[in-house]
Each structure stands twice: as C-alpha cells, then as structure tokens.
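From a predicted model like this one, the values you see are computed outputs, not experimental measurements. Labels below follow one simple rule: chain letters A, B, ... track the order of the sequence lines, proteins then strands, and each chain is numbered from 1.
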Amino acid sequence: MMVGAALVNNVILARFLGLCSFMGVTTRIDTAAGMGLATTFVITVSSMADWAVQRWLLDAYGLGFLRTVTFILVIASAVQFTEMTVKKVSPALFQMLGIYLPLITTNCAVLGVALLLVEGRMGFIGATLFAFASSLGYSLVMVIFAGLRERLALAQVPRLFAGPPIGFIVASLLAMAFMGFSGISTN
Amino acid sequence: MWHDAHTIEGVARVVGVDPDGGAWLEPEQTTSCGHCASAEACGGKGIGTIAGRLAARRFHIDGGPRLHVGDRVVVGVEDRMLLKGALAAYALPLLVGFLAGGVAQELVASDAVTMASMAIGLGAGLVAARLLARRMARAGGLAPRFVRLAAADECLPRGVAQ
C-alpha cells in the first residue's frame, strides 16, 4: 500500500496534485527538500485530524456533505498549528522554514490526500501510513525534479524552450519514467 | 562579507538598527498572496495580514557594515543548515509520533489509543526538536548572515532561491 501511494499513484506525477509548488519551489534541491519535509509533516498531521473528524463527526452525524469544507478548515488549522509550533520550538528555525508554510495552505495535494484516504475506508494507522507514504512520494519527486532543474540551469537550452517550457517537458518525461512503477502495487 | 555557492539567499529590508551595530530586518514580500485582482474579496487575509506575517518573521543580524533603516540587503543561510533544520523541525516529531503510534497499535489495537499515542509522540518529538534546534542555534548555523547590500532592482525569487 505504501509503495503504491508513494510511487505508482504518485501525488504529483499520477494524480497531478500540488503542481504549483512542484514548478515553483524546485529551483534548488535544498529548498525543494525543505518544502517536501514541511508538506510531509502537514499532510500527515492534517490527515490524522481529518480521519478523526470524518469518523467521529461527519460519519457519526450524517454530515458527509460538509466533508470538503471541513477538511479545508482542518488543513488551514493544521498549517497554523505547525507555524505556531515551529515558531515556539525555535524562532531561528521559523525564520528559515516559515516561508514554506503559507504555501502549503493552498497546496491541493494536502486536501487531495485527505479525500483519498476517506474514500479508501482505512483504519487510523492505515490512513496515516497512506498519507505519510503519499507525502514521501511528493517529497521524492520534488527533490528529483529540483536536481534535474539544477542540471538544466547549467545546460544550453534553446531560447524557445528556456524556463518553464523545458521544465514541463522534463516533468512529462519524469511522469513517464514513474509509469514504470505500474504493476508493483495494485493499491 | 560571507558568501559561497552553498548559500541560500533572500532579500530583506532594514527596519531598525541597534547602537552596537546590529540590525533588525524584515524579509521582503515573499508571496503573491494579497496582490491579485481578488485581494479585496479574499478570505485568506483573515488568517493574517501580509504586514503581520512579515513582522512575525522579523530577525536580527550582527556583523557586516553599518546599516541604515530602509537599506535593502541580501542575507543568506547555509543550504545544509536549511536541510538539517527541516529534518529537526518536521522529520524528528513525525518519527517519534510513528514509533509511539506503532507501539500502541501493537499493544492495544484501538484507533483511539493509537491516535492519542501518536499525538503524545508528536509532542515528545517536538520537545526533542526544540532541544536539537537550541544546540544548532548555539553553534550559530541557524541565524541568517549579511551577504551584501542588494542592488536597486535585485529581487530573488520567493526570497529563498537564487
């Protein structure tokens, strides 16, 4: 299940979620890794909270039609909680890493993973591991793509393809490469 | 002046100077939020104003030349420290949380207990992260350092990446 969530059904390359951060924060490997770790933390924590809200509030009181709105609220709260926590843990770390957190609030991958795990009808530990694996897949692709873009920055690219066009072409090649994982896991 | 290829740079504006030569800086606008055509109607501003966010990220630097209020400067942190910081702040609490949740699941096999254990584990991980971050801060690697005065039209994308 974890291999399927991370590689076969990769959040970015198979489900096409989180594309804005995929293109926007992958200019350097370190910033991509920082964004990936922050997103991993937020996706895992918000998925835990979303699972609890779904099980003990939305399912229990027949409020399934409020799922999307509720999840958005939970995600925004999780990001705020993370921001406050990092600030409390270390103001210096907050100065360094705080830039990523507002970006995560609007990252559709976070909402997408929460909705997917609800559809999967998993138990708590299964849902949390699914969310964690999905976010690991997101981080992996972010770092790989950042590495490729660092190389591209040194390469001589035809003027017509310079910038985002060559980035999208590389992303499509990466997506095709990840199709090679199909068949490893059916989940 | 402090700069090498392994520096992640950002532009900041001086908002205050100390008599001893230190300076207080605010990072320049690092997000497009609040600047689009829908800014007036956007609910996102309820979470926190851009000015408030920037003020919350105000930081202090020592060393470098004498700065004046309004100066734009390029500051930087070592890229390795960014990664170490992210690992300490995010990976460590998650790891401890998963360990606690895994143990609880094996012992009790109840979703509620597993969830509570993971929450406690996360909290313990955050305490560990705090201790680790304190040690890193004491070593001096976490603080942004002065790199150079920014050129008039200098604008680094997203404030962090070159």
So, for Leu37(A) and Ala91(B), which heavy atoms are closest and what is the spacing to 0.1 Å? CD2-CB, 4.2 Å
Hydrophobic clusters here meaning ILVMFWY residues chained together by side-chain heavy-atom distances under 4.5 Å, can you tell me if Val69(A) and Ile75(A) are in one? no
Is there a side-chain contact between Met115(B) and Ile125(A) in this structure, where contact means two heavy atoms from C-beta onward sitting under 4.5 Å apart? no
Output, in order, the C-alpha distance, side-chain angles, deciding distance and verdict of side chain to side chain contact (heavy atoms under 4.5 Å, CB included) for Tyr90(B) and Thr40(A). CA-CA 8 Å; Tyr90(B) 301 122; Thr40(A) 299; over 6 Å; no
Need one label for Thr128(A): side chain, backbone, both or neither, based on atoms under 4.5 Å from any heavy atom in chain B. both
Checking Ala52(A) against chain B: side chain, backbone, both or neither under 4.5 Å from a heavy atom? both
CG on Leu83(B) to CG on Asp30(A), rounded to 0.5 Å: 6.0 Å
Met122(A) and Leu129(A): same hydrophobic cluster, using ILVMFWY side-chain contacts below 4.5 Å? yes
Can you hop from Leu99(B) to Leu126(B) via hydrophobic side chains spaced under 4.5 Å? no
Okay, Val45(A) and chain B: the region with an atom under 4.5 Å from a heavy atom over there is side chain
Taking all non-hydrogen atoms of both residues, which atom of Gly34(A) and which atom of Ala86(B) are closest, and how far apart? CA-CB, 4.1 Å
What part of Leu131(B) is in contact with chain A, defined as an atom under 4.5 angstrom from a non-hydrogen atom: side chain, backbone, both or neither? neither
Does any backbone or side-chain atom of Ala104(B) lie under 4.5 Å from a heavy atom of chain A? Answer side chain, backbone, both or neither. neither
Are Val74(B) and Val15(B) joined in one hydrophobic group, where the rule is that I, L, V, M, F, W and Y side chains link up if heavy atoms are under 4.5 Å apart? no
Spell out, yes or no, whether Leu174(A) and Ile29(A) are grouped together once hydrophobic residues are joined by side-chain heavy atoms under 4.5 Å, including indirect joins. no
Could you give me the CA-CA distance, side-chain angles and deciding distance for Met48(A) and Leu122(B), then say whether side chain to side chain contact (heavy atoms under 4.5 Å, CB included) is met? CA-CA 12 Å; Met48(A) 287 163 62; Leu122(B) 271 177; 4.3 Å; yes
Verify side chain to side chain contact (heavy atoms under 4.5 Å, CB included) between Met118(B) and Phe124(A), making sure each step is shown before the conclusion. CA-CA 11 Å; Met118(B) 278 196 83; Phe124(A) 174 74; 3.6 Å; yes
